[in-house]
Each structure stands twice: as structure tokens, then as C-alpha cells.
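Indexing begins at 1, ligand by ligand and atom by atom, following the structure's order. All residue numbers in this chain count up from 1 along the given sequence. Given the structure is predicted, the values throughout are model-derived calculations rather than measurements.
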Amino acid sequence: MPMKFPHRQFLLAAVCAAYLGTAFAAPDARVASLAAKEKPALLDTLKELVSIESGSRDLEGLEKISDLIAAKFKALGGQVELIDPSAEAYRMEDTPEKIGRVMRATFKGTGTKKIMLIAHMDTVYTVGMLNKQPFRIEGDKAYGLGISDDKQGIAVIAHTVAMLQALKFNEYGTLTVLINGDEEISSPGSRALLTRLGGEHDAVMSFEGASIKDDKLSLATAGIASVTLNVSGKASHAGSAPELGVNALYELSHQILQMRDLSDPATGLKMNWTISKSGSNRNVIPAAATAGADVRVLKVADYDRIEQQVNERVKKQLIPEAKVELKFERRRPPLEATPASIAFAKHAQQIYKDELGRPLGADDKAAGGGTDAAFASLKTKAPVVERFGLQGFGAHSADAEYVLLDSIEPRLYLATRMVMDIARGKTTGGN
Ligand SMILES: [Zn+2]
């Protein structure tokens with residue numbers, strides 16, 4: 001569906017406003033025409049970004065794409081840093097030794113408000129998959145590997161900044177752009193920086209893609225953790241000398257059973273044991289046993305609570321001689337809807353409705369996977385809102401990832417107008 005943009009909309013709005021005698025926020029014609037002008041440029045940027053493979057473990061690809069992104073934001077007038085986050089990484093079982101760099105661009109303005117825009121450059125794909133899924137435009141869609149998750153996010157941010165420059169808009173205090181390269185492996189390196197910077201800004205807009213079905217923002221995303229139990233015992237012949245062994249499987253079974261009732265339907269907390277392994281031969285008392293549980297939380301407080309509970313419960317052993325190790329990995333915290341984020345999303349919805357005549361949803365129920373917005377929200381009461389990116393489909397799929405071309409102009413318009421309104425103190429919330 002083509003956008004009604006901007007003149008007919010403007011006239012209609014003006015007529016309605018006059019008729020009803022109400023104040024009406026007319027579309028900002030300059031922003032609207034700039035969004036239209038940036039659309040082909042944004043597609044060029046998308047083509048460039050999609051043409052570099054950048055899987056989370058592909059350091060060479062990540063170096064290449066982070067150089068390209070750094071150059072783009074430098075050209076836009078930003079003060080640019082490429083940060084190696086490996087040293088301060090939160091190391092999980094699957095965390096690589098070396099983690100892709102984070103690109104941080106800072107734009108200084110004349111105002112006081114601090115605004116952060118975030119997206120990620122890494123993908124779930126491995127080297128060589130690009131050949132089968134190169135950038136292409138077909139009908140109302142642009143296809144490419146990682147185009148929806150999350151290369152469109154980088155492109156939307158870059159062209160929003162370009163629009164602000166064209167408007168000579170610098171009424172913010174600081175505009176920060178943070179693009180990380182480890183989102184798809186649960187952001188082990190960038191999470192600390194995301195949380196720190198999130199706490200220093202008055203608003204954070206995250207640019208993961210929006211759904212093709214419902215054009216909406218996300219106020220809440222799920223939190224995910226894993227629990228791993230490693231039990232060491234002592235092997236012995238099960239037939240001739242079982243009493244000389246320490247049965248790791250017995251201890252593990254005891255641990256699993258005493259931690260089987262930690263789910264809490266009232267808060268949406270779920271903990272389920274899903275994996276276990278033990279023993280080598282039928283006639284040997286098992287010396288080792290391991291198990292893993294999947295944890296889902298909707299509230300940050302539950303994240304703390306469940307970690308404390310498992311650490312407490314594990315102390316009660318069935319077999320004192322067995323050695324029990326518990327590892328609680330915070331894969332990703334939940335993003336919770338807050339009064340500030342709800343008000344912030346309402347402002348975005350107002351802009352969409354009043355200025356573009358389009359409906360925009362704001363989902364406060366966590367659905368699907370977690371996102372980096374959750375790390376940015378951990379130490380702040382300021383609004384942190386997700387899915388400012390383009391409408392798209394096929395994230396993590398092998399052959400059909402695309403974004404909707406018709407969502408480019410409205411999303412560029414929205415991001416630009418939101419930055420302007422945050423800078424001018426027109427949105428509520430903030431530090
Ligand atoms: Zn993503």
C-alpha cells in the first residue's frame with residue numbers, strides 16, 4: 001500500500017482540524033520529503049551491508065562491516081570509536097574467545113537530552129551462505145541475508161541521522177549510535193556497555209525489525225537463562241564394589257527433583273529441566289552426570305530470584321561425597337514495559353496517527369526472542385523501546401529474509417520525528 005504522503009494527508013488533516021476546531025499536528029512536510037528522498041539511498045546502504053557476511057563468529061566479516069559502518073557515521077559528522085569488548089565479556093559456554101567490535105558514534109548538539117539509537121551488525125549465518133541469497137529487490141520487498149535481522153536497523157539509523165543533518169537539527173545534547181557485533185550470541189561483550197550507556201541516556205530506541213503482520217513497537221521482550229548442573233562422583237564396579245563408588249546419577253536425580261517446582265505461573269517464570277546425561281557402562285557406578293534447564297522470565301526481579309533460589313537449593317545434597325557445580329547463565333534479561341516506555345510509545349503512536357494517518361501498535365506482552373533493548377533498560381527508568389526498524393520477515397531463516405519497501409518512509413519519518421521531540425522535551429519520561 002503506497003503512503004498517503006504528504007500533501008493530500010496534510011490538506012485532509014487541515015480541513016478536519018478546522019472543521020472540528022481542534023489543534024492538529026500536521027505532518028512535517030520537510031521531514032516527509034526527506035524520508036522520500038532518503039529511501040533509495042537507504043536501499044543502497046542495505047545492499048552494501050547485506051553484501052558483507054557478518055556472522056557473530058566471523059571476525060573477518062565483522063571487521064569489514066564495522067569498518068564500513070564506522071566510515072558511514074564518520075562521514076555523517078559523528079565522533080566514531082570501534083571498541084573491542086572482549087576484555088569485559090560475560091563469558092558463557094558458547095562465548096568465543098574474541099568478540100566482534102562495537103561501533104559507537106557520538107553526535108554533539110546544543111541541547112541537553114541524551115538519546116541513544118541501537119542496532120546490531122552480526123547475523124546467525126555462516127560464511128558462504130551469501131551466494132544463495134544476495135541482495136535483490138522484487139516487487140514490494142528487498143531480500144538479503146540478515147536484511148531484516150538486523151541490517152535494516154543500521155540503515156534506518158544511518159539515514160535518520162542523515163535526515164537530521166539535512167534538517168540542520170542539533171537540539172539534542174548527545175545523540176549516540178551503538179552498533180554491536182555479538183547480539184546473536186546473547187551479547188556477551190557488548191552487554192555491559194549497553195547497560196552502562198542505557199543508564200546515561202534519556203531515551204533508547206532499538207531498531208530490530210517490526211513484524212509484517214502488525215506494524216508495532218515492542219515494550220517487552222522475554223528474558224532467557226540456562227542452568228547447568230555438573231556432578232562428579234566416583235566410578236566403581238556396579239556388581240562387585242558399588243559401595244566404593246559415588247553415584248553421580250543419584251545426586252543429579254536428587255538435584256533435578258528438588259529443583260522441579262520453581263516455575264511461577266503468576267509471574268510467567270518458567271524453569272524446566274530439558275537435558276541430562278550420565279554414565280558410560282551399565283556395570284559401572286557413574287562418576288559424572290550433567291543436566292541442563294531452560295529458564296524464561298518476564299521480570300528482571302524474577303531473574304535475580306531464580307538465580308538465588310537455584311544457588312540455595314543446590315546446597316542440599318543427597319550424597320555429601322559428590323561434587324556438585326551449578327552454573328547459571330544469564331543469556332538475556334527481559335525487557336519490561338514501564339510507565340516511561342508506555343508514554344514514549346504513545347507519543348510514537350500519536351506521530352504515526354496524526355502526521356501519517358497510520359496505525360502503530362505497541363505490544364507490552366513479551367513474544368519471541370529477547371533483544372539488546374533489555375540490556376539497555378537494566379539500569380534506567382528512562383524509556384527503552386524496541387522495534388523501531390522496518391517491517392520485515394524471515395529472521396534466522398535460510399532463504400527468504402526480506403523487508404517491506406513501503407515501511408521505509410514511515411519508519412524514517414518516525415525515527416526522525418521522535419529524535420526531534422525527545423530533544424525538545426516533548427516526550428515524557430527520561431532521567
Ligand atoms: Zn536481531
Hits for side-chain hydrogen bond (donor to acceptor under 3.5 Å, both in side chains) against D94, two or more places apart or cross-chain, chain-then-number order -> R331
Using 2.8 Å as the cut-off, note every protein N, O or S atom close to the Zn ion (ligand 1). H120 NE2, D149 OD1, E208 OE1, E208 OE2
For K323, enumerate each residue passing the salt bridge (Lys or Arg N to Asp or Glu O under 4.0 Å) test, keeping only those at least two apart in sequence or located in another chain. E325
If the threshold is 4.0 Å, N to carboxylate O, is there a salt bridge linking D84 and R101? no
Would you list the pairs meeting salt bridge (charged side-chain N to carboxylate O under 4.0 Å, His left out) in which at least one residue belongs to residues 152-164, sequence neighbours left out? none
Salt-bridge present (D294, K270; N to O < 4.0 Å): no
Does a side-chain N-to-carboxylate-O contact under 4.0 Å join D215 and R411? yes
